[in-house]
Amino acid sequence: MFNTSHFTPKYFLLTGFPGLENLYPWFIFPFCSTYLVALVGNSLILAVIKNNTSLHQPMYLFLAMLAFAELGVSASTLPTVLGIFLFGAKKICFEACLLQMFSIHSFSIMESGVLLAMSVDRFVAIYNPLRYTAILTLPRIAGTGVVLWLKSVMLMFPLPFLLKRLPFCGRNALSHSYCLHSDLIQLPCGDTRPNSILGLCIVTSTFGLDSLLIVVSYVLILYTVLSITSGEGRRKALNTCVSHICAVLVYYVPMISVALVHRFMKHVAPAVRLLLANVYLLVPPVLNPIIYSVKTKQIRQGLIQLFLHRKY
């Protein structure tokens, strides 16, 4: 099982829901349905925005970036999660595990960055609506997308190499249905401090800073909205933020819940922790297309026209 000269495991063992193996057939439909909704929903959002030139505006282009990031997260976890429940396949080779870890974290970092960019977009739209499209031009939006993608890739790039240099002295069982950095650094018997420090810096500089700046953006938005004299104007301004607020809550509430359970509720059954971890990665890609389809008239109309095969 192990390369004894380098102490590198040939594969890792993934975890489904310990103690509930007999119920796996009942999990197949919910998980397959969840992935189907996530993949189809975000693909439809991308198709509608791509094919409808009237949606080539900052708000919808950032929404397309969000859909792309969520497709990446879903596609990264799908092979191992469904492999466990459909085929009982719990083994994943060392290199594939590192690649999955890199993909999950990179797309999650990009997703967080896009949510921040969308909050800035809402602030500009409310604070200076007359110059909205002049400030957020297509080249600037494209540049923002490239920067977010490069940031997520460059931040995660060193972690697989730092893990690969470490000796693994016997343990190869992970505690999730997919490979996460927080799981993998528990297994080596060498010095994992560089990995831990870098991982903490990445979390702080991305999820921590992004969430703080999102809060600052909404404080500025609220201040701007309160300065509007018309009650109808305030209502319309706030209504443009509802979908994004829901997307932020859908993303950060499960993340915070998982962190709190792992930190302060260690007595909770492993199956509960694993369920929350899956909810954290699966719920945003499922709910965000539904939220934007229901709350955004232009997306809803685009979907109807797409299904009816009408030309825009």
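It should be emphasised that the depicted structure is a prediction, and the values quoted were computed from it without experimental measurement. Residues: numbered from 1 along the sequence shown.
- Nearest heavy atom pair, residue Arg140 against residue Ala134, reads NH1-O, 3.8 Å.
- Using modelled atom types, one side-chain atom of His105 and one backbone atom of His181 make a donor-acceptor pair closer than 3.5 Å.
- Heavy atoms from other residues, nucleotides or ligands lying under 6.0 Å from NZ of Lys151 number more than 12.
- Contact of the Arg122 side chain with the Ser217 side chain is not registered, since no non-hydrogen atoms from C-beta on lie closer than 4.5 Å.
- Considering only heavy atoms from C-beta on, Asn239 comes within 4.5 Å of Val242 through its side chain.
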**Prompt:** Would Tyr60 and Thr296 count as a side chain to side chain contact (heavy atoms under 4.5 Å, CB included) if you check the C-alpha gap in whole Å, the side-chain angles of each, and the deciding distance to 0.1 Å?
**Reply:** CA-CA 10 Å; Tyr60 303 107; Thr296 309; 3.7 Å; yes

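- You'll find the side chain of Ser119 reaches within 4.5 Å of the side chain of Tyr218, heavy atoms only.
- Linking Ile, Leu, Val, Met, Phe, Trp and Tyr residues whenever their side-chain heavy atoms come within less than 4.5 Å leaves Phe157 and Leu180 in two separate clusters.
- Remark: the Glu111 side chain and the Tyr251 side chain contain no N/O donor-acceptor pair separated by less than 3.5 Å.
- Contact check for Gln298 versus Ser54: no side-chain heavy atoms found under the 4.5 Å cut-off.
- Interatomic distance, CG of Asn195 versus CD of Gln186, reported as 11.0 Å (0.5 Å rounding).
- Residue Leu116 is not grouped with residue Met154 when hydrophobic side chains (ILVMFWY) are merged at heavy-atom distances under 4.5 angstrom, including chains of intermediate members.
- Put simply, CZ on Phe168 and CG on Leu163 are 5.5 Å apart, with the number rounded to the nearest 0.5 Å.
- Between the Thr15 side chain and the Leu174 main chain, a donor and an acceptor come within less than 3.5 Å of each other.
- Residues satisfying the salt bridge (charged side-chain N to carboxylate O under 4.0 Å, His left out) criterion with Arg131, sequence neighbours excluded, are absent altogether.
- Residues Ser243 and Met59 fail the side-chain proximity criterion, which asks for heavy atoms closer than 4.5 Å.
- Side chain of Ser211 to backbone of Gly208: a donor-acceptor contact under 3.5 angstrom is found.
- The neighbour count for Phe68 CZ, taken as heavy atoms of other residues, nucleotides or ligands under 6.0 Å away, does not exceed 12.
- By the 4.5 Å heavy-atom criterion applied to side chains, Leu86 and Phe31 are not counted as neighbours.
- Follow the hydrophobic side-chain contacts under 4.5 Å out from Val114 and you never reach Val215; the two are in separate clusters.
- For Ala117 against Phe62, the heavy-atom pair with the smallest separation is CB-CE2, 3.8 Å.
- Listed for the Asn42 side chain is no donor-acceptor partner under 3.5 Å among the backbone atoms of Pro289.
- Applying the disulfide (SG to SG under 2.5 Å) rule to Cys201 yields no partners; only residues at least two apart in sequence or on another chain are considered.
- Side chain of Asn52 to backbone of Val48: no donor-acceptor contact under 3.5 angstrom is found.
- The shortest side-chain heavy-atom distance between Leu63 and Leu55 does not fall under the 4.5 Å cut-off.
- Looking only at distances, a side-chain donor or acceptor of His56 sits under 3.5 Å from a matching main-chain atom of Ile49.
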**Request:** Give the C-alpha distance, both sets of side-chain angles, the deciding distance and a yes or no for side chain to side chain contact (heavy atoms under 4.5 Å, CB included) between Leu184 and Leu159.
**Result:** CA-CA 10 Å; Leu184 289 170; Leu159 290 182; over 6 Å; no

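- To the nearest 0.5 Å, atoms CD1 (Ile214) and CG (Leu209) are separated by 10.0 Å.
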**Message:** Apply side chain to side chain contact (heavy atoms under 4.5 Å, CB included) to residues Asp121 and Ile141 and explain how you reach the verdict.
**Reply:** CA-CA 10 Å; Asp121 164 76; Ile141 294 170; over 6 Å; no

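- Scanning all heavy atoms of the two residues, the minimum distance from Cys179 to Ile104 falls at O-CD1, 3.8 Å.
- Summarising the geometry, atom CD1 belonging to Ile299 is positioned 13.5 Å from atom NZ belonging to Lys297; distances are rounded to the nearest 0.5 Å.
- When each of Leu82, Leu281, Val81 is checked for a side chain to side chain contact (heavy atoms under 4.5 Å, CB included) with Ser177, only Val81 meets the rule.
- A donor-acceptor contact shorter than 3.5 Å is absent between the side chain of Ser112 and the backbone of Ile109.
- Classified by interplanar angle (parallel below 30°, tilted 30° to 60°, perpendicular above 60°), the ring pair Phe17/Tyr24 is perpendicular.
- For the atom pair Leu238 CG and Ile245 CD1, the distance stands at 7.5 Å (nearest 0.5 Å).
- The minimum heavy-atom distance between Phe207 and Ser108, with the atom names listed, is CE2-O, 3.6 Å.
- Taking the side chain as every heavy atom from C-beta outward, Val147 and Leu150 never approach each other to under 4.5 Å.
- Pairing each heavy atom of Ala47 with each of Leu306, the nearest pair is CB-CD2, 4.3 Å.
- When hydrophobic clusters are built by joining Ile, Leu, Val, Met, Phe, Trp and Tyr residues whose side-chain heavy atoms come closer than 4.5 Å, directly or via intermediates, Ile228 is not grouped with Leu220.
- At distances below 3.5 Å, at least one donor-acceptor pair connects side-chain atoms of Asn278 with backbone N or O atoms of Leu274.
- The distance between the ring centers of Phe123 and Tyr223 does not fall below 6.0 angstrom.
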**Request:** Carefully, step by step, assess Leu166 and Cys189 under the rule side chain to side chain contact (heavy atoms under 4.5 Å, CB included).
**Result:** CA-CA 8 Å; Leu166 294 171; Cys189 52; over 6 Å; no

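- When hydrophobic clusters are built by joining Ile, Leu, Val, Met, Phe, Trp and Tyr residues whose side-chain heavy atoms come closer than 4.5 Å, directly or via intermediates, Tyr178 is not grouped with Leu99.
- Atoms OG1 and CZ, from Thr80 and Phe85 in turn, are 10.0 Å apart once rounded to the nearest 0.5 Å.
- Checked by atom type and distance alone, the side chain of Asp210 never pairs as donor or acceptor with a backbone atom of Leu115 at under 3.5 Å.
- Residues satisfying the ring pair (Phe, Tyr, Trp, His ring centres under 6.0 Å) criterion with Tyr252, sequence neighbours excluded, are absent altogether.
- For the residue pair Ser182 and Ile185, the shortest heavy atom distance occurs at O-CG1, 3.7 Å.
- Between the side chain of Ser74 and the main chain of Leu71, no donor-acceptor pair closer than 3.5 Å is present.
- Few gaps surround CG on Asp191; more than 12 heavy atoms of other groups in view lie less than 6.0 Å from it.
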